[in-house]
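Every value quoted in this text rests on a predicted model; they were computed, and no experiment measured them. So that the names make sense, note that chain A is the first sequence line, chain B the second, and so on, each numbered from 1.
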Number of protein chains: 2
Amino acid sequence: MTTPLPIGSTIGILGGGQLGRMLSVAASRLGFRTVIFEPGADCPASHVAQAHIQASYEDAAALRRFAERVDVITYEFENIPTSALDILEALRPIHPNREALRISQDRLTEKTFLSNLGLTTAPFADIPDAAALDGALQTIGTPSILKTRRFGYDGKGQARLSSPREAAQAFSDMNGAPAILEGFVDFSLEVSIIAARSQDGQVSAYDPGENVHEGGILRTTTVPAKIPARLQTDAVLLAAKILNALEYVGVMGVELFVTPTALIVNEIAPRVHNSGHWTQNGCTVDQFEQHIRAVAGWPLGNGERHSDVTMANLIGDDMDRVPALAQDGACALHLYGKAEVKPGRKMGHVNRVTD
Amino acid sequence: MTTPLPIGSTIGILGGGQLGRMLSVAASRLGFRTVIFEPGADCPASHVAQAHIQASYEDAAALRRFAERVDVITYEFENIPTSALDILEALRPIHPNREALRISQDRLTEKTFLSNLGLTTAPFADIPDAAALDGALQTIGTPSILKTRRFGYDGKGQARLSSPREAAQAFSDMNGAPAILEGFVDFSLEVSIIAARSQDGQVSAYDPGENVHEGGILRTTTVPAKIPARLQTDAVLLAAKILNALEYVGVMGVELFVTPTALIVNEIAPRVHNSGHWTQNGCTVDQFEQHIRAVAGWPLGNGERHSDVTMANLIGDDMDRVPALAQDGACALHLYGKAEVKPGRKMGHVNRVTD
């Protein structure tokens with residue numbers, strides 16, 4: 001049996017953005033304190049945390065100071081440098097574990113892992129060099145998309161190929177970074193499943209949410225998703241399979257493409273996920289508290305959906321809509337306290353409770 | 001028209017207990033920062049605030065430093081020294097206003113105010129000296145209760161009289177403090193109404209909650225309260241009358257005794273209230289966010305009840321129940337992060353969602 005983290009303990013969070021902010025608030029509900037490690041000044045999470053250690057991930061002394069102040073460590077983003085993890089892991093438990101990070105940090109490793117689990121992914125091929133791209137295009141064809149294996153998100157570090165003639169340009173766009181070619185999937189809609197696994201191996205999944213992306217950025221998530229009950233069950237089983245295979249502890253977001261015949265795993269994120277923000281107004285225990293419960297060795301909470309919700313991100317100038325949204329009785333606002341509005345920047349979200 | 005406080009502004013909170021903690025969390029949801037003024041070290045609110053100014057209410061320099069760091073000031077308790085308010089009010093707006101504090105700080109002033117509004121209170125009399133007590137006992141009779149006019153709560157600074165022969169002892173128990181004699185009310189149940197008024201004069205009330213006290217401490221609040229619809233409406237109108245009379249801005253708790261014929265106002269609290277904690281899991285916008293919205297000059301949010309809830313305080317050793325409550329899917333835990341469990345100390349509460 002797992003010994004639960006005592007009330008009053010301190011949870012260290014790597015990353016001080018909006019996810020860290022909402023994790024910190026959830027931790028406070030359970031009587032925990034949080035310390036944030038984040039290189040940026042005045043980060044959103046620091047406004048609601050016990051302390052903020054502002055230092056680079058290369059600062060070994062600061063990492064040690066952070067670890068010594070906390071009882072357990074978690075994170076809000078997956079691209080934590082390995083050297084930092086090496087230092088931290090020697091001092092305190094980190095959840096979710098290194099294996100989940102290792103796999104999700106690299107698109108090729110991730111797709112290989114998912115395939116080996118028997119799950120369906122888009123067709124993919126390792127592209128270590130230009131010659132490999134030409135070969136892969138013969139089997140995967142176009143349209144397809146070349147992506148760096150590591151980093152890159154929201155459309156960055158990615159090049160679409162509509163014809164093999166674009167191969168040279170696309171390869172050059174990767175700037176020499178190891179890459180992966182992915183075939184396009186003809187999907188009817190995109191859903192994600194937010195699932196949690198406790199230290200005792202208990203697994204709980206929220207209802208799948210239906211996602212709409214624009215320009216590579218999530219715009220809305222709607223629950224319930226318009227998919228048959230059979231696929232809902234498949235999605236939950238699939239997420240549980242991933243969590244169990246990784247002996248995962250915490251919340252994971254799994255993005256899926258829905259085709260007429262199957263669920264195709266697009267990607268996994270070893271953390272709370274933007275497409276799970278609806279749970280704040282749709283469930284008694286939201287994804288942030290569920291993650292904290294898992295990380296703290298507590299039993300998972302009740303993630304049943306009590307309301308229908310559409311979550312919409314407030315990006316850049318969407319903030320101009322806040323005065324109107326504040327007057328809309330169906331809307332629950334969640335703003336991140338970011339000082340400056342920038343185009344493309346996630347400033348907050350609104351959960352519209354539709355039932 | 002009121003100019004709403006811009007997102008990113010800082011709200012100063014006087015008092016760093018659990019109410020300040022939950023106000024701070026609510027402020028973060030709307031993109032605000034908070035700074036806590038609290039004499040005690042490591043207070044619950046400081047765990048989730050931007051900053052904590054630890055100083056006495058007699059420290060004029062610290063009060064000024066606090067005011068200069070914030071854009072608007074509110075509070076979590078009503079017994080703020082007048083001298084501190086004088087300093088703060090000269091520098092920043094304070095909501096709710098001084099008049100609400102003046103009235104609620106003194107039981108005699110409060111009952112007189114309520115009576116003058118045409119509301120029903122328990123019979124009461126000013127007891128400046130022992131002779132006044134003898135006179136008052138002739139009109140009010142026994143059982144009755146002698147209370148200090150100021151301070152005292154949860155049974156402290158109060159003496160019950162079951163016979164006029166106990167007058168001398170009861171008067172002596174007041175230690176010379178100005179007092180008030182209150183007649184007993186024969187009530188069937190106790191409810192409270194949590195109402196908010198915005199800077200524009202909009203008033204919104206939550207559904208009345210039914211309270212159970214033990215030993216002068218609130219144990220549970222249940223919504224819906226078992227009172228007829230007519231009395232629910234009366235309670236809302238009565239609360240609105242009080243808020244409007246005070247040109248009040250913020251959330252107020254109004255405790256009421258329900259008798260077969262009427263609602264009797266027991267007391268008012270010019271702040272968020274323990275009996276309103278159920279709103280965290282029963283409404284889209286809870287009492288804490290509603291208070292922040294009012295203080296910030298925002299429109300009030302939707303306080304409609306979407307679920308039935310029983311809120312139970314976790315007092316002292318009730319914390320031993322937390323592991324079981326954490327496994328109960330109907331329960332939402334809210335713990336205050338207090339370092340030490342003490343008998344009679346409010347350590348947290350649990351909202352049991354019953355519908």
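- Taking chain A as the reference chain and counting heavy-atom pairs below 4.5 Å, the highest number among B:G301, B:A49, B:S28, B:A332 is found for B:S28.
- With rounding to the nearest 0.5 angstrom, the NE2 atom of B:H47 is 13.0 Å from the CZ atom of A:F32.
- Within 6.0 Å of the CD atom in B:E304, the count of heavy atoms belonging to other residues, nucleotides or ligands does not exceed 12.
- The minimum heavy-atom distance linking B:G31 with A:L335 is given by the pair N-CB, 3.7 Å.
- Contacts between residues 317-325 of chain B and chain A, counted as heavy-atom pairs separated by less than 4.5 Å, involve B:M319, B:V322.
- Contacts between B:I7 and chain A at a heavy-atom distance below 4.5 Å involve the side chain alone, from C-beta outward.
- Across every non-hydrogen atom of B:P299 and A:A326, the tightest pair is CG-O, 3.8 Å.
- Contact count versus chain A (heavy atoms, under 4.5 Å) is highest, among B:T34, B:D42, B:V285, B:N351, for B:D42.
- Distance check, rounded to the nearest 0.5 Å: CZ of B:R293 to CG of A:L333 gives 6.0 Å.
- One finds the NE2 atom of A:H334 at 6.5 Å from the CZ atom of B:R29 (value rounded to the nearest 0.5 Å).
- For a residue to count as touching a neighbouring chain, one of its non-hydrogen atoms must lie under 4.5 Å from one of that chain's; by this rule B:H306 touches chain A with the side chain only.
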